Structures are given as C-alpha cells and as structure tokens.
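First up is the structure itself, then whatever we jot down about it.
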Amino acid sequence: MDFIEELRWRGMIHDMTPGTEEQLSKEITAGYIGYDPTSDSLHIGNLASIMMLVHLQRAGHKPFALVGGATGMIGDPSGKSEERNLLDETTLRHNQEGIKKQLEKFLDFSHGHNAAEMVNNFDWIKEFSFLQFLRDVGKHITVNYMMAKDSVKKRMESGSGISFTEFSYQLVQGYDFCWLFEHKGVKLQMGGSDQWGNIVTGTELIRRKLGGEAYALTCPLITKADGGKFGKSESGNVWLDPVKTSPYSFYQFWLNTTDADAAEYIKKFTLLSKAEIDLLIRQHQEAPHLRMLQKALARDITIRVHSEEDYQAAVEASEILFGKGTTETLKKLTEDTLLAVFEGVPKSEMAKSEITKSLDIVEFLTDFTHIFPSKGEARRMLKEGGVQINKEKAGEGFSITANLLLNGKYLLVQKGKKNYFLVKVV
RNA sequence: GGGGAGAUACCAGAGCGGUCAAAUGGGGCAGACUGUAAAUCUGUUGGCGCAGCCUUCGGAGGUUCGAAUCCUUCUCUCCCCA
C-alpha cells in the first residue's frame, strides 16, 4: 500500500514539501506527529492526525507519537487568539499516560520493525539550558524568519500581542524535529494544516544545523458543512475517554453527522477501503433515510475507540430511545436492561416519599432533579411540548405519581428529542 | 507623556431622563416537517409564588418623583499624537 496515494484519495493531504513522496517510496521512513498534553484524554479533534500515523504504519513506515511535555508547557500560538496557561509537570505526566493508553488502540507499539514509538520532548528539553539553547538552536534561525509565520503575524497584529514564550514555541517544536532526526532517524513530521509553519521551521533547522533533508506533510483541518467547529457537541468536546464522553454519546455523535460531512469523515476516520466507501456512498444516495453512511461511520469508530460490546450497547440503547420504542416497550425492560441501556445517560436520584401523593412536574424538573436550571425554562419547554416522561409528552400541570415508575423506581425524562435523563426514585 | 473614543444580556450591536427586562442580527434551545440529516417555517432566549414582583446595562457614589440614559470618581479597553 502506498502511503501518499492512500492519503490522497482520502482527502488527507493539504500540503507537503517537495520530495516527500520520493522519500517515502525510497525507504522505510520514520514520521511523527505531536500531541498536546493539555488533558489526560485525546478528543476527536485529534483523530485525523492519529489516522495519519495509522496509515503510515500500515504502509510499512515507522510512526512516532510525540507527547509535547515541554511544548505543552509553552503553548502554541497557532490558531489561538489568547496567551495560554502553563501546566505543571505533575499534570503533564499524568496526561501523557492517558494519551499513550488511547494511542495504543490505534497503533501497534510492540510488534515488528516498524512498531510505533512514543517519545516525550520534555525528556530532551528539560536539561537544555537557556544559554545552550540560544547557541545551538536560536543561532540558526533568524527572527525575520520566525516573524514571517502566519501564526506569529496574526498575533503581532492583534491587540493582545504575543509573549516571548509563545514566540519561541516554533523554535522548540523545530528543535524536537531536529532531535528526532538526529537520534531516531525521523525524517517526516505530519500534522494539521495549522502546523505547517511550525513543521517547516523544523525542516529548516535540520537543513541549517545538520545539513539534513527532512519533510513535512499536513492534512486539511476537519470542517463541518454548516461552518461550525468540528468535534464539539452541545456538551463540549467529544473525548475518546469513556468517562468523559460515554460510548453511547460517542456513538450518537457520529450517527448525527450530516450527510454532507459523513462522506468526508468516513474516508478520514475509518480504514474502510475505497471500494467499500464508494459502495456506501452510492447506497446512501439511493436510500438516504437508512443513513448507511452514518451508521457505518459510527460503528467503525466506536468499535475502534471503545469496543465491540460498547458499540452493541450503544446501538441497543439508540434503538430503544429513537426506534419505535413506546411506553410499552419501556415498561417491559428488566431493571438490568434498563440500566444497561441508559449507561451513558445522565442520572439523578430522589426520594420516593416525594411522589407518594403527586408532584408537580415543574418542581420535579427543577428542584428535585435539576434537569432544568430554572422553573421559567421548564415551564416554557413544557408549553412547547419539549418534555416527555417515559416517552409520552407531558404538558403544564402534569403530575408525577408513583404509578409512572418503570420497574417501580425509574422515570425516563426527555428534554427535546435527544436529551435523556434517568431518574431513580428510592 | 498629551489628546480622543468607548465599556449594554451568550456574542455583535441599538438605546442617550419615564412608554426599557432593554430594538435588531447571530448563536442557543424547543416545536412542525423529516431520515435522530440538511434546508425551511414557528415559538422562545434574566429570575420568581408570573395580568404582579425582584435583580440586571463595567465598579462605587450622587442629582432627580423617576436613570442603561445626567454628574463625580475608580477600573479596564481601543484609537491618534509624542
């Protein structure tokens, strides 16, 4: 399999330095991508770059994942309008561990000559003295060169300016590439298109300092058809960590992809072959309501990031929640199934004594379960018909009574179409 | 250092003594339509015991029967000149 060809038909190439393709077809090449340890979990915004490493490894090359322990302490000005907060070392180490575990689901770190490797730039930068850095690295790159970068230019023009620390970021990242080139034989750095400037500083540094030839390859930033930011749901980032984003929500996120985006995402985020994808796209066009594309996309990613069982559970839950599920089917569920189905759904608890007589729905939705932040909002949505209890519309004046309980102790509350809450009454 | 402009709800941005819980647009949320899509249309978007009341227009004071609107002062932002 040809790496560049593979990326090309998947639409994952934005730009690359001349000679990159020749280098990759000439020999087994080591390439790396850096990850920011700002959290102990990666999110789906990192997915495209992870897939680049996966393709690299599948094509027989050697992938390196660099955790930016040192660079993470500085903050990349690319794409950020504001100066970043600095993290301390303990947090960084903790975050790196989490990230490594997640990358292991995608990359083979232990088998063969092209096993993936993880490195942490903190390890080679922490001992570097400031003076030494200035002499060994700073000497090779002019300020003029650094200022010409878009990321820097933008910040210079903006009112808030750029600190010396963030200004130096590209040098530190450039040095990483240089170090990996020298010590690990890494000749390629990849990343999102916003990383182009930083990466090229690295190849430049390698040329001037070591007289070596290194390459850059970037992929286009993932976009959404409606112009919104990719990777955010109403509740924020979509994480790979099942604790931060439940497998159910994760599956739902992909399932809700719009048609226009699905065809693009399936190429970038799955390993399905061109033939398989073309077929899916064709099938989808013939019968769009079946949403073959979204289903295939959600299935593939959920299984890889989580597991087959998590995927099955998510599908099952989705069918009960969005399928023909009625109050009747809900009532038939055993307690175990019920809990399994609502695994990823927010839960709250309240005392049974509160509903022995009957409880006004507004109070139930606010004071007791906090599903709504205010009574005004709860009333408004009740009026609009946006609240359902056990899959039946509830209006103003609806009362919660004990005979509504599923399995004698649960209530399923629905806010709008897609937001579910399970209330346990004990 | 000198001069000027400004700070309004999630954001942008009107209002410039009462009729302002505050125009308009965007965003958010919900409803209809659908395919848990897109587009479209509609409603809604400070709180509450909701035909009424309470807390909001950078902070603190003041004038007034009455202030987002006027005055004083503080903080912060932007622009121009040096």
Side-chain angles (χ1 to χ4, degrees), chain A residues 81-83 155-161 223-238 245-266 280-299 301-302 311 313-326 329-330 341-342 344-346 359-368 370-389 391-398 412-421:
Chain A
S81 48
E82 304 252 320
E83 185 83 14
R155 286 282 294 275
M156 302 268 283
E157 284 158 10
S158 84
S160 50
T223 53
K224 286 210 311 187
D226 63 9
K229 256 197 192 128
F230 167 75
K232 303 262 187 202
S233 69
E234 309 91 85
S235 37
N237 268 331
V238 178
T245 299
S246 72
Y248 166 76
S249 313
F250 188 85
Y251 174 79
Q252 280 290 324
F253 174 85
W254 296 105
L255 198 65
N256 276 300
T257 308
T258 67
D259 291 0
D261 291 329
E264 184 198 335
Y265 295 173
I266 200 161
L280 279 167
I281 291 177
R282 220 172 319 121
Q283 285 175 332
H284 183 269
Q285 279 162 351
E286 276 162 27
H289 60 282
L290 294 179
R291 292 185 303 151
M292 304 281 280
L293 264 182
Q294 282 90 338
K295 281 179 185 163
L297 175 71
R299 173 173 189 273
I301 307 180
T302 307
Y311 162 72
V315 171
E316 221 171 289
S318 301
E319 249 149 46
I320 289 173
L321 296 178
F322 293 102
K324 295 188 194 80
T326 58
T329 46
L330 267 181
V341 164
F342 297 114
V345 162
L359 178 64
D360 180 65
I361 182 119
V362 174
E363 276 179 61
F364 168 75
L365 292 172
T366 53
D367 297 346
F368 290 96
H370 305 288
I371 290 170
F372 286 88
S374 78
K375 291 186 179 167
E377 197 178 325
R379 277 200 197 93
R380 197 183 310 127
M381 211 171 286
L382 282 165
K383 211 176 290 171
E384 288 165 340
V387 177
Q388 287 176 262
I389 304 286
K391 297 221 65 129
E392 282 185 350
K393 272 197 179 159
E396 272 183 297
F398 188 92
L412 179 68
V413 182
Q414 205 173 334
K415 173 163 116 180
K417 253 182 212 132
K418 298 175 188 171
N419 306 301
Y420 288 90
F421 301 86

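Please read these numbers as outputs of a predicted model, since none were measured by experiment. Letters go in sequence order (proteins before strands), and every chain restarts at 1. The figures that follow rest on heavy atoms only: side chains count, while hydrogens, waters and symmetry mates do not.
- Nearest to the side-chain atoms of A:Phe322 among the listed nucleotides B:U36, B:A32, B:G35 stands B:U36.
- A:Gln294 comes within 4.0 angstrom of a base, heavy atoms only.
- Within the structure, every side-chain polar atom (N or O) of A:Arg291 is placed at least 4.0 Å from both OP1 and OP2 of B:U34.
- Here the side chains of A:Thr245 and A:Phe253 are not in contact, with every heavy-atom distance at 4.5 Å or above.
- Side-chain N/O atoms of A:Thr257 include none lying less than 4.0 angstrom from OP1 or OP2 on B:A37.
- When each of A:Thr257, A:Asp261, A:Asp259 is checked for a side chain to side chain donor-acceptor pair (under 3.5 Å) with A:Gln294, only A:Asp259 meets the rule.
- In terms of phosphate contacts, A:Lys418 brings a side-chain nitrogen or oxygen within less than 4.0 Å of OP1 or OP2 of B:A37.
- For A:Asn419, taking side-chain heavy atoms from C-beta onward, the closest of the listed nucleotides B:A30, B:U36, B:A37 is B:A30.
- With the nearest nucleotide of RNA chain B identified for both A:Leu255 and A:Gly385, A:Gly385 has the one nearer the 5' end.
- Phosphate proximity of B:A38 to A:Thr258: absent, as no side-chain N or O sits under 4.0 Å from OP1 or OP2.
- As the counterpart of B:C48, B:G52 is assigned, both hydrogen-bonding distances of the Watson-Crick or G-U wobble pattern falling under 3.5 Å.
- Residue-level contact check: A:Lys393 touches the backbone only, with heavy atoms under 4.0 Å from sugar-phosphate atoms and none from bases.
- Using Watson-Crick or G-U wobble geometry with both donor-acceptor distances under 3.5 Å, B:C16 finds no partner in any strand shown.
- For B:C33, there is no paired base (Watson-Crick or G-U wobble, both distances below 3.5 Å).
- In the set B:G49, B:G43, B:A37, the nucleotide with an atom closest to the side chain of A:Glu384 is B:G43.
- Remark: B:A7 base-pairs with B:U75; criterion is Watson-Crick or G-U wobble with both hydrogen-bond distances under 3.5 Å.
- Within the 4.0 angstrom heavy-atom criterion, only backbone atoms of the sugar-phosphate kind lie near A:Gly416; the bases stay farther away.
- Atom CG in A:Leu293 sits about 16 Å away from atom P in B:U36, given to the nearest Å.
- Evaluation of atom-type donor-acceptor distances gives a pair under 3.5 Å for the side chain of A:Lys417 against the base of B:U34.
- Remark: the separation of the P atoms in B:A7 and B:G59 is 13 Å, to the nearest Å.
- Between A:Phe322 and A:Tyr420, the ring planes lie perpendicular to each other; the angle is over 60°, past the 30° to 60° tilted range.
- Comparing B:A68 with B:A23, their C1' atoms sit 14 Å apart, to the nearest whole Å.
- Comparing atom distances between the A:Arg379 side chain and each of B:G49, B:C48, B:U36 picks out B:G49 as nearest.
- Listed pair A:Lys383 / B:G31 fails the phosphate criterion, with no side-chain N or O lying under 4.0 Å from OP1 or OP2.
- Among the protein residues, A:Arg380 comes within range of the sugar-phosphate backbone only, with heavy atoms under 4.0 Å from sugar or phosphate atoms but none that close to a base.
- The aromatic rings of A:Phe230 and A:Trp254 lie tilted to each other, with the angle between the two planes from 30° to 60°.
- Atom OG1 of residue A:Thr223 and atom OH of residue A:Tyr265 lie 6.0 Å apart, to the nearest 0.5 angstrom.
- Closest non-hydrogen pair, A:Ala298 versus A:Leu255, comes out as CB-N, 3.9 Å.
- Atom name C1', nucleotides B:U64 and B:U72: the rounded distance is 16 Å, in whole Å.
- Atom pair A:Lys375:NZ and B:U45:C1' shows a separation of 20 Å (rounding to whole Å applied).
- Among B:G35, B:G31, B:A38, the nucleotide with an atom closest to any side-chain atom of A:His284 is B:G35.
- The side chain of A:Asp259 lies closest to B:G35 when the candidates are B:G35, B:G49, B:U36.
- Nearest-nucleotide mapping onto RNA chain B: of A:Thr366 and A:Asn256, the residue sitting toward the 5' end is A:Asn256.
- With a cut-off of 3.5 Å on both Watson-Crick or G-U wobble distances, the partner of B:G1 is given as B:C81.
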